[in-house]
Protein chains: 2
Amino acid sequence: MNAQDLSGLYPVLAQLPPALAARIAAETQTMTVPGGTVVFDEHQACQGFPFVIKGDIRVLKPAANGRELPLYRVLPGESCIISSSCLLGHSDYNARGVAEGETTLALMPRLLFDELLAEPAFRDFVFHLFSERIAELMQLIEEVAFRKLDQRLAGLLLGKGKLVRATHQHLADELGSVREMISRLLKGFAEQGLVRLSREQVEILDPAGLRRIADA
Amino acid sequence: MNAQDLSGLYPVLAQLPPALAARIAAETQTMTVPGGTVVFDEHQACQGFPFVIKGDIRVLKPAANGRELPLYRVLPGESCIISSSCLLGHSDYNARGVAEGETTLALMPRLLFDELLAEPAFRDFVFHLFSERIAELMQLIEEVAFRKLDQRLAGLLLGKGKLVRATHQHLADELGSVREMISRLLKGFAEQGLVRLSREQVEILDPAGLRRIADA
DNA sequence: ATCGCTCGGTGACTTTGGTTACAGACGCCG
DNA sequence: CGGCGTCTGTAACCAAAGTCACCGAGCGAT
C-alpha cells in the first residue's frame, strides 16, 4: 500500500510515530474488489481493520427471508465501527459489508490494530467515529421500530435532493422494504402533488409537504 | 461523593493520577432518586457523565404513541454509551434514561469528562463499553426489524430461567409491545405444552420447543 | 421490427400486530 | 365478608405491511 495515499485519506495516520507508520505501510494489504463483493459477513471472525481508499462499503443486516436492512455506509476516510467493535470485543461480525461499486480497501492486521490503539491519536479517531455512528444507529432503531413506511420514504426522498434517480426497487432496498409498497406510496405522493414520477426518477415538487409526512 | 465507593465500583478510577482523582471526588455530584425518575431525556443536552452507584438505569427509546422500546440497562460499574456519545459529539440525548427502583448516581461534569478522556485508562474503559453495547444494539435492530413477536417472546422467556415471575404487562414492556399480544401468544405457547401459566408467573415446560420457536 | 429484459402499476389476499371493549379471577385489606 | 384494584382472557375489529400474480410500458440489442 502506498503510505501517502492512506495518510491523505486518514490524516490520523500521519500523526503516528515513524516506526508504526512504516509497519502500517508494510503490513496492510491493499485490494480492489468489484461492486457487490461481500467483504465481511455475519458470524465471521474479523480479520483486520479495514480502511476504505476508494468506493464505499454498505454495511447491512441480512434477514432470514432475503431482505436486508442498511445500517450505514463507510466512505473513504471513515471507519467501520462494527469491525472496531469486533476487534475490541474479540467477537464475530454481526452484519454484512458489501462493496458498492468497485472499491479499494486496505486491511490492517488485527495485532497491528491493537498496537495502534495504544496511540492516543488513533484511539481518538476510532472513538469519535464510534460516537457518531451511535447516533445514527439510534436513529435507525427509532425508524424501524416506530415510523411508518410512508414517513420513512418521505424522509429518504428529502435527503436525496430535488431530483431522485433511482428505481423503486432501489428505494425499497434502502428502507428494507419491497418494491410494491414503494410504488403504492409513491403513487399516493404523486396524487397529492408532492412528487412527479417517471422512469427511474422521482421529482420532488413539494418538499414542505413531504416534510409534513416525514415527521407526522 | 465518597471516592472509595466510586473507585470500588469503577476500578478504572483508581488508576488515575491523584490530582484527577481528587477532582472527581470534589466535582461529582451524588444524588439518589426514587424508581421511575427520568434522569435524562430526548432532546436534552447532556449535563455530565453518569456513574451508577446503586440501582440501575433503563435506557429506552420512547415512541410518539406512548409505547417505548428498551435499549439496554446501565448497572453499577457500567457506563451509558448514549451519554458518552452525546458528550463526545456535543449532541443532545436521543433516548431516555429512567431509574429502575431507587437509584444512586454520581454525575461528573462535562469538562472533567473531557479531561479524563486524555487518560488512557479511562478512555479504554469507555471504549470497551462502547464496543459491547454496539453488539447489543445490533442484536436489537435485528429483533425489531426482522423477528416476529412470538420469536422474541420465546427468546425473552428463555433468558429468564425456568420460572419467570412477571406480569404480562411487564413482558410486553420489555418487548415494546402490548399486554393483549403477550397474553395471546402465551396462551398459544401453553396450548402447545411449552409453558404453564399462572398469575404473574410463567413456568417453562419445554425449553427446546421454545428455542425452536425463538430461532425459527 | 420484434424479442426479451427491466421497470413500474395494480388488485386481491394474508399475516402480523395493535386497539377497543369487556368479563372474570384473584387477592388484599378494611 | 365485601369491595376494590390488579391481572388475565378473549372476541371483534382495524391498520400496516408484505405477498402473489399478472400486466403493460419502455428500451435496447440483434
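Chain identifiers are assigned alphabetically (A, B, ...) following the order of the sequence lines, protein sequences preceding nucleic acid strands; residue numbering begins at 1 within each chain.
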Legend entry - Candidate list T37(A), L75(A), V52(A), V98(A), test side-chain contact (heavy atoms from CB on, under 4.5 Å), partner I57(A), passing option: V52(A)

Inset, instruction - Please give the angle, rounded to 10 degrees, between the axes at the start and the end of the helix from dA1(C)-dT30(D) to dG30(C)-dC1(D), where five pairs define each axis. - result: 10°

Legend entry - Contact list for DNA chain C against residues 136-168 of chain B - heavy-atom distance below 4.0 Å: K148(B), L149(B)

Inset, instruction - Hey, could you give me the CG/CD1 distance between L137(B) and I141(A), rounded to the nearest 0.5 Å? - result: 4.5 Å

Legend entry - Short side-chain to backbone donor-acceptor contact, R147(B) and A214(B), under 3.5 Å: yes

Inset, instruction - Start with the C-alpha distance between D114(A) and R110(A), add both sets of side-chain angles, then the distance that settles salt bridge (Lys or Arg N to Asp or Glu O under 4.0 Å), and finish with yes or no. - result: CA-CA 6 Å; D114(A) 286 341; R110(A) 186 190 336 213; over 6 Å; no

Inset, instruction - Using atom types as modelled and distance alone, determine if a side-chain donor or acceptor of K61(A) lies under 3.5 Å from a backbone N or O of N94(A). - result: yes

Inset, instruction - Measure from the side-chain N and O atoms of R96(B) to the backbone N and O of L60(B), and report whether any donor-acceptor pair falls under 3.5 Å. - result: no

Legend entry - Parallel, tilted or perpendicular: ring planes of F40(B) versus Y93(B), cut at 30 and 60 degrees: parallel

Inset, instruction - Under 4.0 Å from any heavy atom of chain A: name the first and the last nucleotide of DNA chain C that qualifies, 5' to 3'. - result: dT6(C) to dA12(C)

Inset, instruction - Would you please name every residue forming a side-chain contact (heavy atoms from CB on, under 4.5 Å) with T32(B), sequence neighbours left out? - result: E102(B), T104(B)

Inset, instruction - Give me the ring orientation class for F49(B) and F113(B): parallel if the planes are under 30° apart, tilted from 30 to 60°, perpendicular past 60°. - result: parallel

Legend entry - Given D206(B), V202(B), L186(B), the one that forms side-chain contact (heavy atoms from CB on, under 4.5 Å) with L194(B): D206(B)

Legend entry - Any Q192(B) side-chain heavy atom under 4.5 Å of I213(B) side chain: yes

Legend entry - Positions of residues 178-189 of chain B (non-hydrogen atom under 4.0 Å from DNA chain C), listed by number: V178(B), E180(B), M181(B), R184(B)

Inset, instruction - Give a yes or no answer on whether the side chain of Q151(A) reaches the backbone of K148(A) with a donor-acceptor pair at less than 3.5 Å. - result: yes

Inset, instruction - If the plane angle is over 60° it's perpendicular, under 30° parallel, otherwise tilted; pick one for F125(B) and Y10(B). - result: perpendicular

Legend entry - Along DNA chain D (nearest heavy atom to each residue), the more 5'-positioned of G176(A) and R199(B): R199(B)

Legend entry - Check: K162(B) side chain, I204(B) main-chain N or O, donor-acceptor pair, under 3.5 Å: yes

Inset, instruction - Using chain B heavy atoms and a threshold of under 4.0 Å, write down where along DNA chain D the contacts begin and end, 5' to 3'. - result: dT6(D) to dA12(D)

Legend entry - Member of R67(A), R73(A), R152(A) meeting the salt bridge (Lys or Arg N to Asp or Glu O under 4.0 Å) criterion with E174(A): R73(A)

